[in-house]
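See structure below.
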Amino acid sequence: GAVVSQHPSRVICKSGTSVKIECRSLDFQATTMFWYRQFPKQSLMLMATSNEGSKATYEQGVEKDKFLINHASLTLSTLTVTSAHPEDSSFYICSATRTGNNQPQHFGDGTRLSIL
Amino acid sequence: SQQGEEDPQALSIQEGENATMNCSYKTSINNLQWYRQNSGRGLVHLILIRSNEREKHSGRLRVTLDTSKKSSSLLITASRAADTASYFCATADSGSARQLTFGSGTQLTVLP
């Protein structure tokens with residue numbers, strides 16, 4: 001069964017709305033979670049690394065004030081797309097990894113965000 | 001940033017045939033992983049090969065790793081229509097072992 005749950009799976013909203021996406025690790029504690037963005041027929045682009053109890057680490061070119069990340073517990077990270085605009089429409093995917101070396105990432109099922 | 005290049009970009013085969021996908025990368029790695037993605041879904045981990053390993057098997061999957069050439073291949077034997085998906089390689093760099101850098105992906109279509 002799924003070890004990472006991502007919610008919601010799809011969001012359609014008006015321009016200017018803020019949207020929160022949740023990522024939960026279901027059967028292990030994840031000190032680190034990752035947020036990706038994926039455009040159609042393209043690969044995953046890492047947006048940020050979410051660290052439990054500390055600030056997220058953002059990749060170059062990703063606006064931290066636009067994409068707010070909160071990792072308040074060992075099983076939950078949230079991504080909030082603030083004042084979303086049509087260009088923010090995309091497929092957002094989170095992942096979590098167990099502690100230790102050579103661990104795979106476990107992915108949520110993604111959130112399809114459509115801004116009208 | 002993308003460091004992996006995969007080829008082919010798209011592959012179409014008949015059910016029962018073998019499918020081979022290749023991945024190249026640029027930096028020193030801790031491990032290389034292969035993932036599968038069905039359309040509109042998240043990624044599913046298939047197999048992880050460490051930098052000191054050369055070959056690994058899992059069911060119908062066979063992965064090779066050549067660190068001297070900075071390349072890896074994924075072989076799916078006796079393919080099935082249900083294997084139709086996008087396949088991505090991802091590398092965990094030596095310096096940041098938990099963060100992955102994904103390749104461009106191969107879209108595999110298995111025709112019944």
Side-chain angles (χ1 to χ4, degrees), chain A residues 1-10 21 23-26 30-52 56-62 90-114, chain B residues 1-11 21 23-25 29-53 56 58 61 63 65 85-109:
Chain A
V3 296
V4 172
S5 172
Q6 186 172 341
H7 178 81
S9 59
R10 182 166 184 112
I21 304 169
C23 183
R24 294 180 184 273
S25 59
L26 299 180
T31 54
T32 304
M33 293 186 178
F34 301 94
W35 288 96
Y36 297 87
R37 184 172 181 175
Q38 185 179 33
F39 291 103
K41 298 190 184 301
Q42 293 190 24
S43 188
L44 278 70
M45 181 187 75
L46 179 65
M47 297 175 66
T49 301
S50 172
N51 304 297
E52 189 268 335
T57 304
Y58 288 83
E59 295 300 299
Q60 193 173 10
V62 178
S90 191
F91 192 57
Y92 293 88
I93 312 176
C94 71
S95 73
T97 182
R98 288 180 168 87
T99 55
N101 292 326
N102 296 305
Q103 294 291 329
Q105 288 187 15
H106 300 280
F107 285 81
D109 250 354
T111 297
R112 174 75 56 197
L113 177 62
S114 300
Chain B
S1 62
Q2 300 295 322
Q3 80 147 332
E5 294 294 325
E6 292 184 54
D7 77 275
Q9 284 188 319
L11 178 61
M21 289 160 267
C23 168
S24 62
Y25 57 92
I29 63 171
N30 198 46
N31 64 65
L32 185 144
Q33 305 175 32
W34 284 90
Y35 288 83
R36 166 199 169 120
Q37 183 182 34
N38 284 42
S39 180
R41 303 296 297 275
L43 276 69
V44 175
H45 178 256
L46 296 177
I47 199 163
L48 181 153
I49 186 165
R50 302 182 187 194
S51 60
N52 62 352
E53 297 177 310
K56 207 162 184 180
S58 177
L61 306 181
V63 168
L65 178 64
S86 293
Y87 292 83
F88 294 93
C89 68
T91 53
D93 294 346
S94 298
S96 176
R98 304 184 76 197
Q99 191 176 84
L100 292 179
T101 303
F102 281 83
S104 50
T106 294
Q107 172 60 51
L108 174 66
T109 303

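Naming: A, B, ... by sequence-line order, numbering from 1 per chain. Below, each value reflects all heavy atoms present in this structure, side chains not excepted, and no hydrogens, waters or symmetry copies. Owing to the predicted nature of the structure, the values given are computational and were not obtained by experimental measurement.
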Rounded to the nearest 0.5 Å, how far apart are NZ of A:K41 and OG of B:S39? 7.5 Å
Separation between CZ of B:R41 and CZ of A:F107, rounded to the nearest 0.5 Å: 14.0 Å
Contacting moiety of A:Q42, where chain B heavy atoms sit under 4.5 Å: backbone
Which atom names give the shortest non-hydrogen contact between B:Q33 and A:Q105, and what distance separates them? OE1-N, 3.9 Å
What part of A:R98 is in contact with chain B, defined as an atom under 4.5 angstrom from a non-hydrogen atom: side chain, backbone, both or neither? backbone
For the CD1 atom of A:I93 and the CD atom of B:Q37, what is their distance to the nearest 0.5 Å? 5.0 Å
Closest approach of B:S104 to A:S43 (non-hydrogen atoms, all atoms of both residues): CA-CB, 4.0 Å
Considering only heavy atoms and a distance below 4.5 Å, find which of B:S86, B:A90, B:G42 pairs most often with chain A. B:G42
Determine whether more than 12 heavy atoms belonging to other residues, nucleotides or ligands lie under 6.0 Å from atom CD of B:E53. yes
Grab the two heavy atoms, one from A:R112 and one from B:G40, that are nearest each other, plus how far apart they are. NH2-CA, 4.5 Å
Rounded to the nearest 0.5 Å, what's the gap from CG on A:L44 to OG1 on B:T101? Could you check? 11.5 Å
Spacing of A:S95 atom OG and B:L100 atom CG [to the nearest 0.5 Å]: 7.0 Å
Residue part contacting chain B, namely of A:T97, when any heavy atom lies under 4.5 Å: both
Side chain, backbone, both or neither: which part of B:L48 has a heavy atom under 4.5 Å from chain A? side chain
Of the backbone (N, CA, C, O) and the side chain (C-beta and beyond), which part of A:Q38 lies under 4.5 Å from a heavy atom of chain B, both, or neither? side chain
